[in-house]
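Structure in structure tokens, see below.
Only this structure's heavy atoms are used, side chains among them; waters, hydrogens and symmetry mates stay out.
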Amino acid sequence: MFKSMLKSLIPVVIICIFFLIVSIFNNALRDEYPEAAKMTFGISEMLKASDTTEYTLDDTVVYRSDNTNAELFDDCYYALLINETDHQVLVSKNAHERMYPASMTKYMTAMVVCDKIESGEINLNNKVTLAKDYDLTYDGVAPADIFYGDSITVKDLLYGLLIESNNYYALILADYIAGSEEAFCALMNQKAKEIGATGTHYMNPHGLDHPEHYSTAYDIYLITKEAYKYDLIRQIDEFETYSYTYDSSEGYEISRDIEATNYFLNGNVEMPSNFDIHVWKTGTTDGAGHALSMYVTKNDKTYIVIAASGDSKQVLYDAMVELLCIIK
């Protein structure tokens, strides 16, 4: 009988020992990271993040429960405004909720291309000759104006990608860099992990909606901050318009004039005074609605602002103006 009772107690003892070890481990972590006790998403998620990026308590962190000024933006699915200089969250609405990133995806597309340029594997003057035609009309995208046999430089592909948000250029760059869209997306996903954007997964280089192609406003913040580190991306994002030519398969030049999709740059919407835009990316799909991310400065302070609204570009830019007007 005694042996039977002892056997029945063994599982209880093992469970007690397990929870004692977990408690000791968590207390040790809290001692090492005192700020972790304040995190609503828990220590385990902090550790997951540390698997892919170095965690420092000096970094701005938007906690999952942070709804700062969210009530001001009823028309936005997502809104995020961070004072990078002072490490202060000024607005946060659904910052960690999964979202379709639309063409804000092209931040990552551009960064992967720039990494290949910086490594010397390619350069801006390389000519890319299309080995096939591309068709995205089934996704509601206008027909392509560049075709099999046409030749265009990496520079013009990259400028068109960011300024005009050209979806076909994203596919051409993906094939040129990695040999296939799938292989290029693997590079994009690896880059996302490296910068700590663990809530992001890419299935294409252009951002058209796909159930497994997603991000979060907080990850877009991280990605925008990373994009600012690239001199070439900052240079491209200064252009309101851009003109270039490429060679047709028949040997004649085709000229194109493109305009920035950012309404603050192309003059469709007046931006609040004293702001300078350094990097930006728009995005529009049925799933994402209308979205915009920007890295801006005002009075020697840096801010990253992100908003997404499903209703219209007018609603989006009204929200963006309201977000920027919070900054004094």
Problem - salt bridge (charged side-chain N to carboxylate O under 4.0 Å, His left out) partners for E212, two or more places apart - result: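 Counting only residues at least two positions away or on another chain, E212 forms no salt bridge (charged side-chain N to carboxylate O under 4.0 Å, His left out).
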Exercise for the section: Pick out which of T261, V305, V296, I233 makes a side-chain contact (heavy atoms from CB on, under 4.5 Å) with W280. Expected result: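 Output: one option passes, namely T261.
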Exercise for the section: For side-chain contact (heavy atoms from CB on, under 4.5 Å), just list the numbers for N167 and S103, CA-CA rounded to whole Å, side-chain angles, deciding distance to a tenth of an Å, and then say yes or no. Expected result: CA-CA 8 Å; N167 294 307; S103 283; 4.1 Å; yes
Exercise for the section: Examine Y159 together with F239 and report whether their ring centres are nearer than 6.0 Å. Expected result: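 Yes.
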Exercise for the section: Go through the structure and list residues passing salt bridge (charged side-chain N to carboxylate O under 4.0 Å, His left out) with K116, not counting sequence neighbours. Expected result: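 Partners of K116 under the salt bridge (charged side-chain N to carboxylate O under 4.0 Å, His left out) test: E121.
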Practice task
Could you state whether Y100 and I223 fall into the same hydrophobic cluster, counting links through intermediate Ile, Leu, Val, Met, Phe, Trp or Tyr residues with side-chain heavy atoms under 4.5 angstrom apart?
Solution key: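 Different clusters: Y100 never reaches I223 through Ile, Leu, Val, Met, Phe, Trp or Tyr contacts under 4.5 Å.
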Exercise for the section: Check whether Y214 and M111 end up in the same hydrophobic cluster, where Ile, Leu, Val, Met, Phe, Trp and Tyr are linked by side-chain heavy atoms less than 4.5 Å apart. Expected result: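 No, because Y214 and M111 fall into different hydrophobic clusters, even though each may have its own neighbours under 4.5 Å.
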Practice task
Might you point out which heavy atoms bring N69 and L90 nearest each other, and give the distance in Å?
Solution key: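 Closest pair (atom of N69, atom of L90, distance): ND2-O, 2.8 Å.
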Problem - Sequence-distant partners of S255, side-chain hydrogen bond (donor to acceptor under 3.5 Å, both in side chains), two or more places apart - result: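 Not a single residue meets the side-chain hydrogen bond (donor to acceptor under 3.5 Å, both in side chains) criterion with S255.
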Practice task
Could you state whether M188 and V113 fall into the same hydrophobic cluster, counting links through intermediate Ile, Leu, Val, Met, Phe, Trp or Tyr residues with side-chain heavy atoms under 4.5 angstrom apart?
Solution key: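 Yes, M188 and V113 fall within the same hydrophobic cluster.
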Practice task
Give every residue pair that meets the salt bridge (Lys or Arg N to Asp or Glu O under 4.0 Å) criterion with at least one member in residues 265-286, sequence neighbours excluded.
Solution key: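 Every candidate salt bridge (Lys or Arg N to Asp or Glu O under 4.0 Å) pair involving residues 265-286 fails, so no pair, neighbours aside, qualifies.
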Exercise for the section: Please examine the side chains of M108 and I195, heavy atoms only from C-beta on, and report whether any two atoms are closer than 4.5 Å. Expected result: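 In contact.
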Problem - Pairs satisfying ring-ring contact (aromatic ring centres under 6.0 Å, His included), at least one member in residues 124-158, at least two apart - result: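 Qualifying pairs: none.
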Practice task
Measure across D150 and S248 and return the closest heavy-atom pair with its distance rounded to 0.1 Å.
Solution key: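 Result for this residue pair: OD1-CA, 3.2 Å.
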Practice task
Sequence neighbours left out, what passes salt bridge (charged side-chain N to carboxylate O under 4.0 Å, His left out) with K313? Give chain and number order.
Solution key: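 None.
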Exercise for the section: Search all heavy atoms of T137 against all heavy atoms of A142 and return the closest pair with its distance. Expected result: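 That closest heavy-atom pairing would be CG2-C, 4.3 Å.
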Handout entry: Contacts of Y202 that satisfy ring pair (Phe, Tyr, Trp, His ring centres under 6.0 Å) - sequence neighbours left out
Key =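 Only H213 meet the ring pair (Phe, Tyr, Trp, His ring centres under 6.0 Å) criterion with Y202.
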Practice task
State, yes or no, whether a side-chain contact exists between I236 and L232 at a heavy-atom distance under 4.5 Å.
Solution key: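 Yes; the side chains approach each other to less than 4.5 Å.
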Problem - Results of side chain to side chain contact (heavy atoms under 4.5 Å, CB included) for A186 - residues two or more places apart only - result: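 With neighbours one apart ignored, the set is empty.
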Problem - Heavy-atom side-chain proximity of M271 to L324 below 4.5 angstrom - result: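 The answer is yes; the side chains approach within 4.5 Å.
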Problem - Flag for S151-T129: side-chain donor and acceptor within less than 3.5 Å - result: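 A donor-acceptor contact under 3.5 Å links the two side chains.
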Problem - Test applied, side-chain contact (heavy atoms from CB on, under 4.5 Å); reference residue, V62; option that passes from T216, T68, V89 - result: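 The single option meeting the side-chain contact (heavy atoms from CB on, under 4.5 Å) with V62 is V89.
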Practice task
Would you check if E253 and D247 make a side-chain contact, meaning some heavy-atom pair closer than 4.5 Å?
Solution key: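 In short, these two side chains touch, coming nearer than 4.5 Å.
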Problem - Short N-O contact, D237 and R234, less than 4.0 angstrom - result: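 The answer is no: the pair does not qualify as a salt bridge.
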Problem - Contacts of E97 that satisfy side chain to side chain contact (heavy atoms under 4.5 Å, CB included) - sequence neighbours left out - result: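 Here the qualifying residues are Y78, N94.
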Problem - side-chain hydrogen bond (donor to acceptor under 3.5 Å, both in side chains) partners of residues 301-312, not counting sequence neighbours, each pair once - result: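 For residues 301-312: D86-K301.
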Practice task
Would you tell me whether Q314 and D318 have side-chain atoms, one donor and one acceptor, within less than 3.5 Å of each other?
Solution key: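 Short answer, yes.
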Problem - Nearest-0.5 Å distance, CG of residue D219 to CZ of residue R98 - result: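 It is 10.5 Å, given to the nearest 0.5 Å.
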Handout entry: Summary of salt bridge (Lys or Arg N to Asp or Glu O under 4.0 Å) pairs that have at least one residue in residues 162-189, sequence neighbours excluded
Key =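 Listed once each, the pairs are K132-D175, E164-R256.
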Problem - Residue pairs involving residues 258-278 (criterion ring-ring contact (aromatic ring centres under 6.0 Å, His included); sequence neighbours excluded) - result: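 Sorted result for residues 258-278: Y228-H278, Y263-Y317, F264-Y317.
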